[in-house]
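Right, one structure below, let's go through it.
What you see below is based on every heavy atom in this structure, not just the backbone, and it leaves out hydrogens, waters and symmetry mates.
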Amino acid sequence: MERYEVRLADGRTCCVRPARGDDARRVFELIGDMEGRRFAPGPALERWSAQRRDDRYACLVACADGEVIGVVNVRCEEQLHHVRPVAEIMELAVDGAWRGLGAGSGLFGAACRLARQRGCELIEVHSKTERARAHRFYRRQGMARTHVHLTLPLDRADAEMHAGGTAMAGADGEDGNHG
């Protein structure tokens, strides 16, 4: 993906470009701020390196005033129930001082361009239920809520199953069919 400029609401510009190896620390700061936690450097850098070697992933950053102000991390992959690959925004985060100016929209647009270049039929994102501001952002970008995303922390599920709990597929009376 090429580098390009995005005009921000305050008249400044930011550039969106592929992330470089030396962007890792800042990328993890932005993602950590979004998640409300910090990442252990060793394992985080191992994930960073693995994703940079895997063609399914692309990490793009927005830069302004000489610093990384935002990041979008995208995964494109085949799925059995889609004719063409599907792109997923794994993370999209913008520094708090730069929110509301258009950097996030620029990153979202870059992710969509990347997905089209890779032949994807759609782009999707999973967002935590409590992130109402993020949901409004994605709706403004033209996204619609079409699925429900369910999760189960496996460490907890294993403990509950071994203790006689109900953390098993179908325990709620459903037949297990999904998609």
Under 4.0 Å between a Lys/Arg side-chain N and an Asp/Glu carboxylate O for R118 and E77? no

From CG (D54) to CZ (R47), nearest 0.5 Å: 14.5 Å

For V27 and W48, run side-chain contact (heavy atoms from CB on, under 4.5 Å): C-alpha distance rounded to whole Å, both residues' side-chain angles, the deciding distance at 0.1 Å, then the answer. CA-CA 10 Å; V27 164; W48 171 264; 3.8 Å; yes

Roughly how far apart are L92 CG and S105 OG, rounded to 0.5 Å? 9.0 Å

Atom of A110, atom of L60 and distance for their closest heavy-atom approach: CB-CD1, 3.7 Å

Once rounded to the nearest 0.5 Å, what's the spacing between atom CD1 of I123 and atom SG of C76? 7.0 Å

Which heavy atom of R38 sits nearest to which heavy atom of D33, and what is that distance? NH2-OD1, 2.8 Å

Same cluster (ILVMFWY, side-chain, under 4.5 Å), F39 and V68: yes

So does D55 have more than 12 non-hydrogen atoms from other groups sitting under 6.0 Å from CG? no

Can you name the nearest heavy-atom pair linking A19 to V61, along with the distance? CB-CG1, 3.9 Å

G11 backbone acceptor or donor facing R7 side chain under 3.5 Å: yes

Take C120 and V86 through the side-chain contact (heavy atoms from CB on, under 4.5 Å) test and state the conclusion after the steps. CA-CA 5 Å; C120 295; V86 171; 5.9 Å; no

First locate atom OG of S127, then atom CE of M143, and finally report the distance between them rounded to the nearest 0.5 Å. 10.0 Å

G21 and R52 have their tightest heavy-atom pair at N-NH2, 3.4 Å

Between the side chain of R3 and the main-chain N/O of V16, is any donor-acceptor distance below 3.5 Å? no

Flag the pair R26 / D95 as yes when at least one side-chain heavy-atom distance between them is below 4.5 Å, and no otherwise. yes

Pick out which of E88, E124, E91 makes a salt bridge (Lys or Arg N to Asp or Glu O under 4.0 Å) with R75. E88

Angle between ring planes, F137 versus F108, binned at 30° and 60°: parallel, tilted or perpendicular? perpendicular

Please find the pair of heavy atoms, one from C59 and one from N73, that lie closest to each other, and give the distance. CB-OD1, 3.6 Å

Can a salt bridge be assigned to the pair E35 and R131 using a cut-off of 4.0 Å between side-chain N and carboxylate O? yes

Using a 6.0 Å cut-off, check whether atom CZ of R116 has over 12 heavy atoms from anything other than its own residue. no

Is a donor on one side and an acceptor on the other found under 3.5 Å between the side chain of R84 and the backbone of G119? yes

Please name the pair of heavy atoms, one in H82 and one in L122, separated by the smallest distance, quoted to 0.1 Å. CE1-CD2, 3.6 Å

Report yes or no: does D23 contribute a side-chain atom to a donor-acceptor pair with the main-chain N or O of R20 at less than 3.5 Å? yes

Identified side-chain contact (heavy atoms from CB on, under 4.5 Å) counterpart of L101 within the set D10, V6, I69: D10

side-chain contact (heavy atoms from CB on, under 4.5 Å), that's the test. Do L152 and L150 meet it? Break it down for me. CA-CA 7 Å; L152 176 68; L150 306 171; over 6 Å; no

Rounded at 0.5 Å granularity, tell me how far CZ in R140 sits from NE2 in H135. 12.5 Å

Given the ring of Y4, does R17 sit roughly above its face, with NZ or CZ under 6.0 Å from the centre of the six-membered ring and within 45° of the axis? no

For residues L107 and L8: do they belong to one hydrophobic cluster (side chain heavy atoms under 4.5 Å, members Ile, Leu, Val, Met, Phe, Trp, Tyr)? yes

